[in-house]
2 protein chains.
Amino acid sequence: MIYLICMKNHQITIFDLARELNISKSTVSRVLTGHPNVHPDTRKRVLDLAEKLDYQRNMIAIQLATQQSKTIGIIIPEILSSYFPYVIAAIQEEAHKEGYNVLISQSNESYETEVTNAKVMLDNRVDGVIVSITKETLNFDHLKVFQKKGIPIVFFNRVCNEMVVPKVIVDDYEGAFGAVEHLILSGRKRIAHLSGPSSLAISVKRLNGYLAALKKHNIPADPELIISYDFSKEKIAIYVNHLINLKNPPDAIFAINDPTAIDTIQIIKKNGLRVPEDIAVVGFSDDYVSALIEPPLTTVAQPVREIGITAAQLLFDQIKKDSSQWKTPVKILKTKLIVRKSS
Amino acid sequence: MIYLICMKNHQITIFDLARELNISKSTVSRVLTGHPNVHPDTRKRVLDLAEKLDYQRNMIAIQLATQQSKTIGIIIPEILSSYFPYVIAAIQEEAHKEGYNVLISQSNESYETEVTNAKVMLDNRVDGVIVSITKETLNFDHLKVFQKKGIPIVFFNRVCNEMVVPKVIVDDYEGAFGAVEHLILSGRKRIAHLSGPSSLAISVKRLNGYLAALKKHNIPADPELIISYDFSKEKIAIYVNHLINLKNPPDAIFAINDPTAIDTIQIIKKNGLRVPEDIAVVGFSDDYVSALIEPPLTTVAQPVREIGITAAQLLFDQIKKDSSQWKTPVKILKTKLIVRKSS
DNA sequence: CTGTTTCATGGGAGCGGTCCCTAAAATTGG
DNA sequence: CCAATTTTAGGGACCGCTCCCATGAAACAG
């Protein structure tokens, strides 16, 4: 049997299959897309030949013809901490179940990069996008574009308050409240808080949880003990040392997240103080590391997999529906205090 | 001014721009692709209108027309350990510099999934692919397809010996040798080795390095102390307990990688033994966690960023060249022993 | 036995670009 | 000032596929 195939680029097209079988490309297309109205014999012949010639469909052509990229985008501030990889992994699983690819971009906590990444997503015609903003993001025009163009968007973790779209967050307030109350109930009197940039809602909510817990137990909030920083590694040492050297130093530190808490512990130890005897430390997120460090970190666990799955589901809910039917739920997932030896 | 634009899907095309300016879409295309032969005035008019109407190029159409996806694929066994995210981040940086997108897929250490992922990459017509195989991968047909189709492929970390393509690895043998010699020089006599699946070259090389170090120092290799396991979390406990309970137990354990070493330490501690006093432990890779655990882990550091950058560069070298000019270098990067308190 | 459905297939217009080929306009040189 | 050359712009095939429409054959009902 002589194949008439002309394999430019080593690639076989439906046209090659059609010519070989002396049928039209429409029929081949019908077989390949699972369209019902094809004679079983024809279907078999096409499928057999496709298999035999190792036909590989061209998703790019399909994307162009169907006007959907079958791709969703993820825009996150960074990929290296253990929180995000877990969420990504969960999103990817859901996406693959739906037959979607995932384009991941990290903004490196830079607003500029986030804007660029959003453009790349647009260029690539993603069918939807899941976003967690950088600490610098104050203007949201680059994200509102998605709304304007009718591309579904879902936020998680670090959300944008001024956009009415689906969001997945955890009960940061409750989580922080519980963590701080735990410190109070274990006898701590002067509890400091290493907070994040006030631009982020999570910073504000966790701070409010902290303040509420103090208030409930009639402990006056001391502004000296509340430090808001920008997540830059170098500055943690400065702030922790500052706290330690206060004339009335704290006996506990509640950190905005686990990486901060872990660094805090290292610095306290470097100063010759003990954790938790001299200063207790509590973090937020239950990163993979937190159970392994010495002392193991008390922290507020987030359901990372559930966050990813929920975000993906909210996105696909929108992708599948007409935009007029979109809902904008805000899913608030529960956190869980994990008490370990650092407190 | 009345715009004639017909914005199906809220998207503006070059045709819309052309009609609006009363010129041909060829000219618009020329402007947008930076082709030189365009009158400066025309160029400005096009650019201005594009800006004004917020024209967004359609990468999918471009990909189809130019026959390149401007996307590279990464196939890795998992994304959650700290080794891979660092490599990925480095690859992504390089890719973005070249104007390429990155499609990441994790095989979850499953051969089946790896095969599926390879197909997805092919479907999406990636211009090249960077691969680290699963522990199960013994057949490489799904990867040889890339070669056959002329799609550049680069391996890193876990490479395929039977394929002659560029690879990026570290000097596993030397690294293991140095780690074990370090244990010997610090007075350890019975050094066990928790090795990986023998299907992986890294397992074999690290094992050989281990054996060579013993030999050099005239320590007979005891088969009882060499355990090969499949990276499954559950089994580490069994093997470590087994080692501890030998009538002649080891005084040191060299683990194939850091996660294993970290788990090993936890289990030793659970057994009421001390690290390093009773048993020293050494790992491989210098994961982010390793410095933070108690005791901090002695380990063989890998240049993760350099691995990613090198792999990406080798890939782009091939992508840019005609396949007849492809070279197949194997870059062997240096490891570095980081001595901490676990040994 | 004929009119109406249903089924199987072919034809062809997109999808949104690129890029080659050609033609007209502008520039240059002798 | 005209031929030769270079710029600038347009036309249209093509990338590989989908999907609507048309057509003819087969199946069915009256």
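A, B, ... follow the sequence lines: proteins, then strands. Residue 1 opens every chain.
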Salt-bridged, A/E109 to A/R158, with N to O below 4.0 Å? yes
Would you call B/K44 and B/D41 a salt bridge, using N to O less than 4.0 angstrom? no
Given D/dG16, is OP1 or OP2 found less than 4.0 Å from the side-chain N or O atoms of A/Y55? no
Is there a side-chain contact between B/S24 and the phosphate of D/dG10, meaning an N or O under 4.0 Å from OP1 or OP2? yes
Has [X] got more than 12 heavy atoms of other residues, nucleotides or ligands less than 6.0 Å from its [atom1]?
X: A/Q325; atom1: CD; answer: yes
X: B/K144; atom1: NZ; answer: yes
X: B/F15; atom1: CZ; answer: no

Please write out each protein N/O paired with an N/O of nucleotides 18-26 of chain C under 3.5 Å, distance rounded to 0.1 Å.
{"unit_1": "C/dT18", "atom_1": "OP2", "unit_2": "B/S29", "atom_2": "OG", "d": "2.4"}
{"unit_1": "C/dT18", "atom_1": "O4", "unit_2": "B/K25", "atom_2": "NZ", "d": "2.8"}
{"unit_1": "C/dC19", "atom_1": "N4", "unit_2": "B/S26", "atom_2": "OG", "d": "3.4"}

Just to verify, what does A/N37 make a side chain to side chain donor-acceptor pair (under 3.5 Å) with, not counting sequence neighbours?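 So A/N37 forms no side chain to side chain donor-acceptor pair (under 3.5 Å) with any residue.
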Tell me the interatomic distance from [X], atom [atom1], to [N], atom [atom2], rounded to whole angstroms.
X: A/K70; N: D/dT18; atom1: NZ; atom2: C1'; value: 14 Å
X: B/Q68; N: D/dG16; atom1: CD; atom2: C1'; value: 16 Å
X: B/L64; N: D/dT18; atom1: CG; atom2: P; value: 12 Å
X: A/H39; N: C/dT9; atom1: NE2; atom2: C1'; value: 12 Å
X: B/L17; N: C/dG16; atom1: CG; atom2: P; value: 12 Å
X: B/F15; N: C/dA13; atom1: CZ; atom2: C1'; value: 14 Å
X: A/Q63; N: D/dG16; atom1: CD; atom2: P; value: 15 Å
X: B/Q11; N: C/dG17; atom1: CD; atom2: C1'; value: 14 Å

Residue mapping more 5' on DNA chain C - nearest nucleotide basis, B/Q56 or A/N37: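 Nearest-nucleotide comparison on DNA chain C picks A/N37.
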Which heavy atom of B/I60 sits nearest to which heavy atom of A/N124, and what is that distance? CD1-O, 4.1 Å
Compare every heavy atom of A/Q106 with every heavy atom of B/A89, then report the nearest pair and how far apart it is. CB-NE2, 3.4 Å
Going by the salt bridge (charged side-chain N to carboxylate O under 4.0 Å, His left out) test, which pairs reach into residues 53-67 of chain B, not counting sequence neighbours?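 Salt bridge (charged side-chain N to carboxylate O under 4.0 Å, His left out) check on residues 53-67 of chain B returns A/D123-B/R57.
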Double-helix bend of the helix from C/dC1-D/dG30 to C/dG30-D/dC1, axes at both ends from 5 pairs, round to 10°, gives 40°
Without hydrogens or angle criteria, can the side chains of B/N108 and B/S110 be said to hold a donor-acceptor pair below 3.5 Å?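 No, no side-chain donor-acceptor contact under 3.5 Å.
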Pick base, sugar-phosphate or nothing for A/I23, based on heavy-atom distances below 4.0 Å to the nucleic acid.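 Sugar-phosphate only.
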Applying a 4.0 Å non-hydrogen cut-off, can you work out what B/N22 is touching in the nucleic acid: base, sugar-phosphate, or nothing? sugar-phosphate
Let's go through B/Q67 and B/R125 carefully: what are the C-alpha distance in whole Å and the side-chain angles of both, what is the deciding distance for side chain to side chain contact (heavy atoms under 4.5 Å, CB included) to 0.1 Å, and is it a yes or a no? CA-CA 9 Å; B/Q67 294 285 78; B/R125 295 295 194 275; over 6 Å; no
Can you name the residues that form a ring pair (Phe, Tyr, Trp, His ring centres under 6.0 Å) with B/Y55, not counting sequence neighbours? none
Would you indicate which nucleotide in D/dG16, C/dT9, C/dG16 comes nearest to any side-chain atom of A/N58?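 Shortest atom-to-atom distance from the side chain points to D/dG16.
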Please list each protein N or O that sits under 3.5 Å from an N or O in nucleotides 23-26 of chain D, with the distance.
none

